[in-house]
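I have placed the structure first, in the form of structure tokens, so that the comments after it can refer back to it.
Atoms within a ligand are numbered from 1 in the order they appear, just like the ligands themselves. These numbers come from the heavy atoms of this one structure, side chains and all, not from hydrogens, waters or symmetry mates.
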Amino acid sequence: MRSMTETLAFLHERLTERPRVLLILGSGLGGFADELEDAVRIPYAEIPGFPPSTVEGHKGQLVAGRAEGVECLALQGRFHLYEGHPPERLALPVRAAAALGARTLIVTNAAGGVNPAFRAGDLMLIEDHINLMGRNPLIGPVIPGDPRFPDMSEPYDRGLRAIAERVALERRIRLVRGVYLAVAGPSYETPAEVRMFRRLGADAVGMSTVPEVIVARALGVRVLGVSLITNAAAGVAATPLSHADVVAAGAEAAGRFTALLRGILTELQRLPDVELA
Ligand code: HPA
């Protein structure tokens, strides 16, 4: 883990505050990081060990700053399996943030709606996930400090989910809930695959998030996950899928997403750090 040591040394030097929350902002949702106060922005290309982001709609920079009084480390754009990264690298930012002191991960993504009741533009609270990526970021020698077989019985923290539900209710933001199923991508799913995913218990399908969540849980970091349903998954609606539509849906939902996130951070700010951890 030579690169991890270098990554941490670099970040320790550049960041002045200990982050409490790591925010991973998915396709079209990166705008929230532009609103952070007293922000320090670092392009991934400058951070040792971080590869540049190659996906349109992902800026590829880390932003440290405060929102609602909570010190955040936000990733504008993440690394995906389909970009060719080895699975263990996908969660490098999670390892770095945890080492810097963050005890909470708020992870977001764009996803296709498998549940026919979902509408494009819905925000979905992730209750659980199914890993059909065929890979796991913990495969390989055990990294010192990691458990060999981490527990995954509550990947998405019950307490954080309750906070999100309460905020959505108070602020009148439609928040559906469901199971996120992760595939490797980059091709979108076929209608037959989507029918299979529905039978398996999935409500949404996407190409990210699960590797980061697995590593966060292995490190004891609490996780809150929110999917933006950008489209009905293949076969659920008649229209073909395009990345441009995914990015456009993100722009449309940005206001609601930001309101939800601000409400959640406000609640976290009220909690003492021990409860946060
Ligand atoms: N499938 C997989 N990933 C996605 C989708 C989809 O329909 N929409 C946004 N990300």
Side-chain angles (χ1 to χ4, degrees), residues 23-32 53-60 75-85 87 90-91 106-135 137 155-156 174-214 225-254 256-257 260-261:
L23 282 171
I24 302 181
L25 302 167
S27 286
L29 299 173
F32 186 77
S53 174
T54 66
V55 186
E56 204 185 315
H58 289 248
K59 252 187 196 162
L75 294 181
Q76 274 180 320
R78 56 148 63 82
F79 311 124
H80 302 84
L81 198 56
Y82 62 72
E83 292 173 272
H85 300 301
L90 306 176
I106 299 180
V107 63
T108 68
N109 58 52
V114 173
N115 185 329
F118 289 178
R119 306 195 288 252
D122 277 348
L123 296 173
M124 183 188 90
L125 185 62
I126 306 178
E127 291 189 310
D128 203 345
H129 73 225
I130 298 173
N131 182 10
L132 285 189
M133 288 183 142
R135 307 296 286 274
Y156 301 87
R174 178 175 150 95
L175 183 65
V176 297
R177 59 190 73 79
V179 172
Y180 176 86
L181 183 146
V183 292
S187 51
Y188 287 118
E189 305 69 39
T190 66
E193 287 165 344
V194 172
R195 284 194 298 276
M196 174 179 76
F197 296 161
R198 183 73 192 133
R199 289 189 182 179
L200 292 178
D203 296 288
V205 58
M207 305 172 190
S208 68
T209 301
V210 163
E212 294 109 311
V213 171
I214 289 173
V226 179
S227 292
L228 165 63
I229 307 297
T230 53
N231 55 278
V236 178
T239 42
L241 308 187
S242 81
H243 183 63
D245 291 344
V246 169
V247 174
E252 185 278 322
R256 277 176 294 130
F257 173 74
L260 180 67
L261 212 48

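Each of the following atoms of ligand 1 lies closer than 4.0 Å to a heavy atom of Glu189: 1 (N), 2 (C), 6 (C), 7 (O). Set against the non-hydrogen atoms of Ala110, the atoms of ligand 1 under 4.0 Å away are 9 (C), 10 (N). Close approach of ligand 1 to Thr230 (heavy-atom distance below 4.0 Å) involves ligand atoms 8 (N), 9 (C). Within ligand 1, the atoms closer than 4.0 Å to a non-hydrogen atom of Asn231 are 5 (C), 6 (C), 7 (O), 8 (N), 9 (C), numbered from 1 in the order shown. Counting atoms of ligand 1 from 1 in the listed order, those under 4.0 Å from a heavy atom of Gly112 are 4 (C), 5 (C), 6 (C), 7 (O), 8 (N), 9 (C). For ligand 1 and Gly206, the ligand atoms under 4.0 Å from any heavy atom of the residue are 2 (C), 3 (N).
Close N/O approach between Tyr188 and ligand 1 is not found [any backbone or side-chain N/O within under 3.5 Å].
Using a 4.0 Å cut-off between heavy atoms, Ala234 makes no contact with ligand 1 at all.
Here the side chain of Thr108 pairs a donor or acceptor atom with the backbone of Gly26 at under 3.5 angstrom.
Considering all non-hydrogen atoms of both residues, Pro186 and Met207 come closest at O-CE, 3.5 Å. Closest of all the heavy-atom pairs between Val194 and Val114 is O-CG1, 4.0 Å. Contact between Ser208 and His80 at its shortest, heavy atoms only, is CB-CD2, 4.0 Å. Glu212 and Leu90 get closest at one heavy-atom pair: CG-O, 3.9 Å.
A 4.5 Å side-chain heavy-atom check between Asp203 and Arg177 finds every atom pair outside the cut-off.
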